[in-house]
Amino acid sequence: IVVGLSWIPLVAAPVLWGPLQFMMGWLASPFFLFIAWRYLGGELGNLGAGLRTRQNYRRMLDAATVNPHDGEAQYQLGLIYQERRQYTEAIQRFQKAVTIDREETDAHFQLGRIAREQGRLEDARTHLLTVLQQDPKHSQHEILRELGAVDLATGKPEEARKMLADYVDRRPYDPEGLYYYGQALATTGATSEARTAYEQAIEAARTAPRYRQGITANWGRLAQRALSSLR
């Protein structure tokens with residue numbers, strides 16, 4: 001039976017060799033490799049990032065366990081929880097980092113961002129103002145954008161306009177900041193300037209580096225909708 005079955009691949013080989021040779025030629029071609037890298041590179045990168053995140057999580061958890069008064073380890077653990085969208089645990093870690101070290105500016109910044117996203121605007125303002133006092137240039141001036149967004153959400157468009165104008169002057173290619181700036185301008189009646197800000201946000205999202213387009217694309221879409229409503 002074994003000898004009889006062994007003839008099957010020998011008979012099939014002449015039939016399948018042509019298609020297999022054709023497919024292998026395509027798989028080995030630079031064109032195919034470029035397409036595969038173009039469309040699968042992001043997925044492979046995400047897989048690597050996930051592995052690194054798990055390694056960092058274990059390392060930071062070990063550090064926090066060995067020394068519960070290590071504010072930096074608590075902050076790093078908070079970042080990992082935040083990336084996993086486990087916001088309750090992230091807040092607990094950031095708050096612990098701030099308790100250990102009141103000068104932990106990064107933890108205040110993340111607490112402010114999470115509070116703004118959750119609609120706890122007064123808490124967000126408290127943490128963000130602390131960051132502004134400790135480091136006005138924090139996170140490449142993103143503290144100005146976050147405070148401007150809080151002012152918008154709390155019905156203070158004039159304050160938001162000033163804060164965001166300062167931010168956009170320093171970071172003119174950030175679609176998120178340009179979108180918020182357009183909102184502040186539109187709310188204060190500066191329709192023409194708002195239209196320009198929205199157009200710049202759309203262009204900034206479109207021309208962003210490939211590795212950031214997953215983040216910036218949403219702000220481009222929001223700016224496009226806001227621009228359409230102005231017309």
Side-chain angles (χ1 to χ4, degrees), residues 45-156 159-160 163-164 166-168 170-171 174-177 179-181 183-184 208 211-212 214-219 222:
N46 290 337
L47 178 62
L51 293 173
R52 287 192 297 272
T53 298
R54 284 193 288 273
Q55 291 172 350
N56 289 337
Y57 172 74
R58 291 171 183 168
R59 185 166 62 252
M60 289 301 114
L61 188 59
D62 289 342
T65 303
V66 172
N67 182 7
H69 301 291
D70 186 346
E72 177 63 19
Q74 298 295 335
Y75 170 71
Q76 294 296 334
L77 270 174
L79 286 180
I80 295 170
Y81 282 125
Q82 187 179 18
E83 186 176 348
R84 294 178 172 184
R85 300 185 183 279
Q86 296 174 271
Y87 294 117
T88 301
E89 292 84 353
I91 291 171
Q92 291 173 353
R93 294 295 178 173
F94 290 141
Q95 287 177 336
K96 194 165 185 179
V98 169
T99 302
I100 294 171
D101 181 5
R102 293 186 179 276
E103 298 297 317
E104 185 57 70
T105 307
D106 292 329
H108 277 294
F109 183 69
Q110 298 303 335
L111 284 169
R113 292 185 64 187
I114 294 174
R116 180 173 73 81
E117 292 170 1
Q118 293 180 340
R120 296 182 289 107
L121 299 178
E122 289 306 317
D123 289 342
R125 183 186 296 278
T126 299
H127 287 294
L128 294 174
L129 285 175
T130 300
V131 175
L132 188 65
Q133 292 170 359
Q134 293 179 354
D135 183 7
K137 299 179 181 179
H138 185 268
S139 190
Q140 296 182 330
H141 303 285
E142 286 184 5
I143 180 59
L144 302 176
R145 183 189 68 196
E146 295 299 315
L147 277 170
V150 170
D151 285 335
L152 268 177
T154 54
K156 299 176 182 178
E159 290 85 343
M163 194 74 70
L164 291 165
D166 190 11
Y167 175 72
V168 169
R170 300 169 187 272
R171 296 276 302 276
D174 177 20
E176 183 178 357
Y179 169 73
Y180 286 135
Y181 186 43
Q183 280 193 315
Y211 71 91
R212 295 199 67 237
I215 301 171
T216 61
N218 181 57
W219 298 108
L222 290 173

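Starting from 1, each residue takes its place in the sequence as its number.
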- Spacing of OG1 belonging to Thr154 relative to CG belonging to Asp151, to within rounding of 0.5 Å: 5.0 Å
Would you give me the side-chain donor-acceptor pairs under 3.5 Å for residues 95-104, sequence neighbours excluded?
{"unit_1": "Thr99", "atom_1": "OG1", "unit_2": "Gln95", "atom_2": "O", "d": "2.8"}
{"unit_1": "Asp101", "atom_1": "OD1", "unit_2": "Glu103", "atom_2": "N", "d": "2.9"}

- Task: Decide yes or no on side chain to side chain contact (heavy atoms under 4.5 Å, CB included) for Ile91 and Gln118, but give the supporting numbers first.
- Result: CA-CA 12 Å; Ile91 291 171; Gln118 293 180 340; 3.9 Å; yes
- Might you point out which heavy atoms bring Ala90 and Gly78 nearest each other, and give the distance in Å? CB-O, 3.5 Å
- Considering all heavy atoms of both residues, which atom of Ala184 and which atom of Leu164 are nearest to each other, and what is their separation? CB-CD1, 4.2 Å
- Please identify each residue that fulfils salt bridge (charged side-chain N to carboxylate O under 4.0 Å, His left out) with Arg120, with sequence neighbours left out. Asp123
- Given Glu142 and Arg171, is the side chain to side chain contact (heavy atoms under 4.5 Å, CB included) satisfied, shown in steps? CA-CA 9 Å; Glu142 286 184 5; Arg171 296 276 302 276; 3.6 Å; yes
- Item | Distance, nearest 0.5 Å, that separates CG of Leu111 from OG1 of Thr130 | 10.0 Å
- Approximate separation, where rounding is to 0.5 Å, of Thr216 OG1 and Tyr179 OH: 15.0 Å
- Item | Spacing of Leu152 atom CG and Gln183 atom CD [to the nearest 0.5 Å] | 5.5 Å
- Task: For Tyr181, check side chain to side chain donor-acceptor pair (under 3.5 Å) against everything at least two apart and list the hits.
- Result: none
- Query: At what distance, to the nearest 0.5 angstrom, does OG1 of Thr105 lie from CD of Gln134?
  - Reply: 3.5 Å
- Task: Could you tell me the separation between the CZ atom of Arg125 and the CG atom of Leu132, rounded to the nearest 0.5 Å?
- Result: 11.5 Å
- Query: Are side-chain heavy atoms of Arg145 and Gln140 found at a separation under 4.5 Å?
  - Reply: no
- Item | Stepwise side chain to side chain contact (heavy atoms under 4.5 Å, CB included) test for Phe94 and Leu79 | CA-CA 8 Å; Phe94 290 141; Leu79 286 180; 4.0 Å; yes
- Distance-minimising heavy-atom pair for Leu121 and Ala153: CD1-CB, 3.7 Å
- Query: Considering only heavy atoms from C-beta outward, does the side chain of His138 approach that of Asp106 to under 4.5 Å?
  - Reply: yes
- For the residue pair Tyr81 and Tyr87, is the inter-centroid distance of their aromatic rings smaller than 6.0 Å? no
